[in-house]
Amino acid sequence: VADYNIVLQSLCRAGDTAHALEIFRGEMARDGVAPTIVTYNTIINGLCKSNELGAGMELFEELVERGHHPDVVTYNTLIDSLCKAGDLEEARRLHGDMSSRGCVPNVVTYSVLINGLCKVGRIDEARELIQEMTRKSCDVLPNIITYNSFLDGLCKQSMTAEACELMRSLRDGSLRVSPDTVTFSTLIDGLCKCGQIDEACSVFDDMIAGGYVPNVITYNALVNGLCKADKMERAHAMIESMVDKGVTPDVITYSVLVDAFCKASRVDEALELLHGMASRGCTPNVVTFNSIIDGLCKSDRSGEAFQMFDDMTLKHGLAPDKITYCTLIDGLFRTGRAGQAEALLDAMPDPDTYAFNCCINGLSKLGDVSRALQVYNRMLELKLVPDKVTFNILIAGACKAGNFEQASALFEEMVAKNLQPD
RNA sequence: CCUGUCUCAUAUAUAUUCC
C-alpha cells in the first residue's frame, strides 16, 4: 500500500488527480491492495489542491461509508480547503464533527483555522484560538507555523504594532517558540506594505545580527518594499548583497524591479533588465511580461506592447492570463484605440469582470457612457458579477455626464447587489 | 519499553475606479 500511496501522491502533485483516481479505483482493487486512510488522505488532498473540493468531500463521505475512520489528517486537509474556499462555517462544522467522532484536533487543525480566520480579517477570533491553545487545559501548543499565520494576519490588517510585539515575544523566548525565516519575511513584508520601510530594514538588520538566515523570499519582500518606497538604488544594491550571501535572485526578484522601472516611466531600463535576467539564467514569466506590457502602454508605446505579447506567447510559449488582457484593453484605450480594445474584449477567451471593467472605464473616460452601459449589460448577460470598481466607474461616468438620476439608480443597484460603497 | 512512516497548515511580484 505504501508504494501505491507514493505513486498516488506524485500523480496528485503533478495535478493528475484523474489518473490517481483511476489507479485507486482500478489497479489497486484488482491487485487486492486495500487502501488505508493514508491512501484516502493522499487523494483527498490532491483533489482539494486542484480545486476539486467537492470531489474531495465526496471521497470523504465514501470512506466513511466504507467503514474507514477519517483521522486528524483527513479533517485537517478538508478544513484547510474549506477555509481557502472561503467557507469558514463549514470548516468550523467539520471541526466540531471531528471532536464528536473522537478525533483530537492537533496543532495543524488549529493552525489551518487560524490561518483561515486571518485570511478574511477575523483577527479577534484567531487571537482567541491562540489563547485557547495556550491555556493550561489545552494540550496542543502553538508552533511557529501557528504564530506565523497569525503574524501575517496582523500585518495584512495593518496591525503592525501588535505584529512587532509578537515578534518581540517570539524572540525573547516567552512563547517558547523561536522565529524562523518565514516569521521575518512575513513581518518585513507587512511593514513594507504599511509604509514602514525603515522599520522593515531594521527588522532585517536584527535578523542578520541574530544569526537568522534570509532566503530569496525575505529579500524579495524587502526589495519590493524599497522599490515601492521609491528607493530604487537601494533596491538594486540589495541584489548584489543577496548574491554575496549566496541567495540567487529569482523571477520574482527581477519582476519586482522590472515593474518598478515601468512604474517610474523607465521602460527602457525595464526592457534592459528583462533581457539581463534571461542572460543570467532566469526566465521571465507572465507577470514579468504583464508589467512590461503595462509600462509600454502607459508610455504610449502600445505597438511595442503587442510585440511583447507576441514575444511572450510565441517565443516563450507563455499563455496570457486575465491580467494580460485587462492590461492590454486598458492600454489600448489609453493610447486612443477604442475599437481595438473592444475587439480584444470580444476576442479574448472567457472575459472576466476585470476585462469588462477596463472596457467600461475606457468608454466612460471617452464620455461614451451609453456605450459603457451597453458593455455593462453584456457583462451581466454573460452572468459575470460586477464589483465595486465596476460601479465606481459607471457612477463617476454618469455624474460627469450630468446624469445624476442614472448615477443614483446605479448606486441603488450597487447596494442591492450587496456591494459596499466606499 | 522506546524508535522508525506513505498523507495535512505559514511568508514575496503584475492590471481596471478613487487616492
Side-chain angles (χ1 to χ4, degrees), chain A residues 1-6 8-9 12 36-46 48 71-81 83 106-116 118 143-152 155 180-190 192 215-225 227 250-260 262-263 285-295 297 321-331 353-362 364-365 387-397 422:
Chain A
V1 207
D3 296 330
Y4 270 108
N5 290 344
I6 293 172
L8 293 174
Q9 187 193 18
C12 287
T36 63
I37 189 61
V38 174
T39 317
Y40 281 103
N41 290 344
T42 304
I43 301 178
I44 289 174
N45 184 44
C48 287
D71 66 4
V72 64
V73 174
T74 324
Y75 281 108
N76 290 344
T77 305
L78 288 168
I79 291 172
D80 182 46
S81 274
C83 286
N106 64 13
V107 63
V108 177
T109 319
Y110 279 99
S111 297
V112 299
L113 281 169
I114 288 166
N115 187 47
C118 285
N143 64 15
I144 189 56
I145 297 186
T146 321
Y147 284 119
N148 287 344
S149 297
F150 183 57
L151 181 71
D152 188 53
C155 288
D180 64 6
T181 304
V182 175
T183 320
F184 283 100
S185 303
T186 304
L187 184 58
I188 287 169
D189 180 59
C192 287
N215 65 12
V216 67
I217 298 183
T218 322
Y219 279 102
N220 288 347
L222 196 54
V223 169
N224 186 40
C227 284
D250 66 5
V251 63
I252 296 186
T253 322
Y254 288 110
S255 296
V256 164
L257 288 163
V258 163
D259 186 63
C262 286
K263 295 245 175 359
N285 65 15
V286 63
V287 175
T288 326
F289 279 104
N290 286 345
S291 289
I292 296 266
I293 288 170
D294 187 53
C297 287
D321 64 9
K322 305 281 186 204
I323 296 184
T324 318
Y325 286 105
C326 185
T327 306
L328 279 169
I329 291 168
D330 180 69
T353 297
Y354 300 120
F356 272 96
N357 284 349
C358 289
C359 188
I360 293 167
N361 179 51
S364 181
K365 289 273 154 70
D387 62 10
K388 201 192 303 184
V389 173
T390 318
F391 284 104
N392 284 344
I393 295 165
L394 287 169
I395 291 171
D422 54 14

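Numbers restart at 1 for each chain; the letters A, B, ... are given by sequence-line order, proteins then strands. Basis for what follows: all heavy atoms, side chains included, without hydrogens, waters or symmetry-related copies.
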Could you state the [atom1]-[atom2] distance from [X] to [N], rounded to the nearest angstrom?
| X | N | atom1 | atom2 | value |
| --- | --- | --- | --- | --- |
| A:Leu187 | B:U10 | CG | C1' | 14 Å |
| A:Asp71 | B:C8 | CG | C1' | 9 Å |
| A:Tyr110 | B:C8 | OH | C1' | 17 Å |
| A:Asp80 | B:U7 | CG | P | 16 Å |
| A:Asn215 | B:U10 | CG | P | 15 Å |
| A:Phe150 | B:U10 | CZ | P | 17 Å |

* Reading nucleotides 12-19 of chain B from the 5' end, what letters show protein touch, with B for base, S for backbone sugar-phosphate only, - for no heavy atom under 4.0 Å? -> BBBBBBS-
* Enter the distance from A:Asn224:CG to A:Asp189:CG here, rounded to the nearest 0.5 Å. =>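 Output value for this atom pair is 7.0 Å.
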* **Rounded distance (nearest 0.5 Å) linking atom CD1 of A:Ile114 with atom CG of A:Asn148** => 11.5 Å
* Asked: Under 4.0 angstrom, heavy atoms only, what part of the nucleic acid is A:Asn143 near: base, sugar-phosphate, or nothing?
  -> base
* **Test item: A:Val287 and A:Val251 side chains (from C-beta on) under 4.5 Å apart, heavy atoms** =>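 No, side chains not in contact.
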* Asked: Can you tell which of A:Asp71, A:Asn45, A:Thr109, A:Asn41 makes a side chain to side chain donor-acceptor pair (under 3.5 Å) with A:Asn76?
  -> A:Thr109
* Shortest non-hydrogen contact between A:Cys262 and A:Gly295, atoms and distance -> CB-CA, 3.9 Å
* For RNA chain B, what is the dot-bracket line, given that a base pair needs Watson-Crick (N1 to N3, plus N6-O4 or O6-N4) or G-U wobble (N1-O2 and O6-N3) geometry with both distances under 3.5 Å, and | means paired with another strand? -> ...................
Decide whether [X] and [Y] meet the rule of one side-chain donor and one side-chain acceptor closer than 3.5 Å.
| X | Y | answer |
| --- | --- | --- |
| A:Asn143 | A:Thr146 | yes |
| A:Asp330 | A:Thr327 | no |
| A:Thr253 | A:Asp250 | yes |

* Any donor-acceptor N/O pair, A:Ser81 side chain to A:Leu78 backbone, under 3.5 Å -> no
* Between A:Thr324 and A:Asp321, is a side-chain contact (heavy atoms from CB on, under 4.5 Å) present by the stated rule, with each step listed? -> CA-CA 5 Å; A:Thr324 318; A:Asp321 64 9; 2.8 Å; yes
* To do: Flag yes if more than 12 heavy atoms outside A:Tyr354 fall under 6.0 Å of its OH atom; otherwise flag no.
  =>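 Not buried by this count: 12 neighbours or fewer within 6.0 Å.
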Distances under 3.5 Å between protein N/O atoms and the N/O atoms of nucleotides 3-6 of chain B, please, pair by pair.
unit_1	atom_1	unit_2	atom_2	d
B:C6	O2	A:Asn5	ND2	2.5

